[in-house]
Engineer: 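Structure in structure tokens, see below.
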Amino acid sequence: MHPLVGTLSDLSNEELHKKYNELTTKLNQAYRFGPTSVIPQMQMILENYRLEIDNRNQKLREEMDKKSDKYKGVIDIQ
């Protein structure tokens with residue numbers, strides 16, 4: 001966790017994706033124009049946002065699987 005990133009769980013999905021996209025744009029600008037010293041910090045922040053998005057997507061998938069009858073009776077061999 002990056003120390004300057006607050007709690008991301010308080011953000012809505014729309015706000016989370018909007019900030020992630022803004023940070024991605026700023027990171028791309030830093031790659032093109034500099035300053036290169038901020039790139040590792042921005043990558044760490046983006047990773048925090050990416051992890052939060054992934055966690056939310058995983059929870060959503062699990063909820064959808066519980067509601068769905070599609071996978072009942074299927075054996076998981078992993």
Side-chain angles (χ1 to χ4, degrees):
M1 296 294 289
H2 193 276
L4 297 179
V5 177
T7 56
L8 299 177
S9 59
D10 296 339
L11 298 174
S12 69
N13 285 339
E14 184 178 317
E15 292 171 330
L16 187 68
H17 285 284
K18 182 179 177 184
K19 288 190 177 197
Y20 179 81
N21 290 335
E22 288 173 0
L23 282 169
T24 302
T25 301
K26 290 177 183 179
L27 179 64
N28 289 335
Q29 289 174 348
Y31 276 125
R32 278 185 257 142
F33 306 116
T36 58
S37 60
V38 300
I39 291 174
Q41 296 296 317
M42 293 179 76
Q43 288 173 331
M44 288 173 57
I45 293 171
L46 271 173
E47 183 64 22
N48 289 347
Y49 278 87
R50 193 174 309 123
L51 287 173
E52 180 66 24
I53 291 170
D54 289 345
N55 288 338
R56 289 184 186 193
N57 287 339
Q58 179 64 29
K59 287 179 185 177
L60 182 61
R61 260 184 256 121
E62 289 172 0
E63 289 174 9
M64 291 175 69
D65 285 344
K66 287 179 183 177
K67 293 179 183 177
S68 175
D69 292 335
K70 182 178 178 181
Y71 299 110
K72 287 191 177 179
V74 176
I75 299 172
D76 185 11
I77 58 171
Q78 290 182 348

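All values below were derived from every heavy atom in this structure, side-chain atoms included, with hydrogens, water molecules and symmetry-related copies excluded. Positions are given from 1, in the same order as the sequence printed here.
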Engineer: Taking all non-hydrogen atoms of both residues into account, name the closest pair between Ala30 and Met42 and its distance.
Structural biologist: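 Shortest heavy-atom separation between Ala30 and Met42 comes out as CB-SD, 4.3 Å.
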Engineer: Does any pair with a residue in residues 41-50 pass salt bridge (charged side-chain N to carboxylate O under 4.0 Å, His left out), and if so which ones, sequence neighbours excluded?
Structural biologist: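 Non-adjacent pairs meeting salt bridge (charged side-chain N to carboxylate O under 4.0 Å, His left out): Glu47-Arg50.
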Engineer: Rounded to the nearest 0.5 Å, what's the gap from CG on Leu46 to OG1 on Thr24? Could you check?
Structural biologist: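 Reported to 0.5 Å precision, the distance equals 4.5 Å.
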Engineer: Would you check if Tyr49 and Leu11 make a side-chain contact, meaning some heavy-atom pair closer than 4.5 Å?
Structural biologist: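 The answer is yes, as the side chains (C-beta and beyond) meet within the 4.5 Å cut-off.
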Engineer: Can you name the nearest heavy-atom pair linking Leu16 to Glu52, along with the distance?
Structural biologist: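 Minimum heavy-atom separation between Leu16 and Glu52: CD2-CG, 3.7 Å.
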Engineer: Show the nearest heavy-atom pair for residues Arg56 and Leu8, with the distance to one decimal.
Structural biologist: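 Taking Arg56 first and Leu8 second, the nearest heavy atoms are NH2-O, 2.9 Å.
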Engineer: Tell me the salt bridge (charged side-chain N to carboxylate O under 4.0 Å, His left out) pairs involving residues 9-32, sequence neighbours left out?
Structural biologist: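 For residues 9-32, and leaving out neighbouring residues, there are no salt bridge (charged side-chain N to carboxylate O under 4.0 Å, His left out) pairs at all.
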Engineer: Decide whether Leu60 and Ile53 are clustered together by the hydrophobic rule: side chain heavy atoms of Ile, Leu, Val, Met, Phe, Trp, Tyr closer than 4.5 Å, transitively.
Structural biologist: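 Different clusters: Leu60 never reaches Ile53 through Ile, Leu, Val, Met, Phe, Trp or Tyr contacts under 4.5 Å.
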Engineer: Which distance, rounded to the nearest 0.5 Å, do you find between the CD1 of Ile45 and the OH of Tyr20?
Structural biologist: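 It comes to 13.0 Å.
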Engineer: Where is the tightest heavy-atom contact between Ser37 and Pro40, given as atom of each residue plus distance?
Structural biologist: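 Closest heavy-atom pair between Ser37 and Pro40: O-CD, 3.6 Å.
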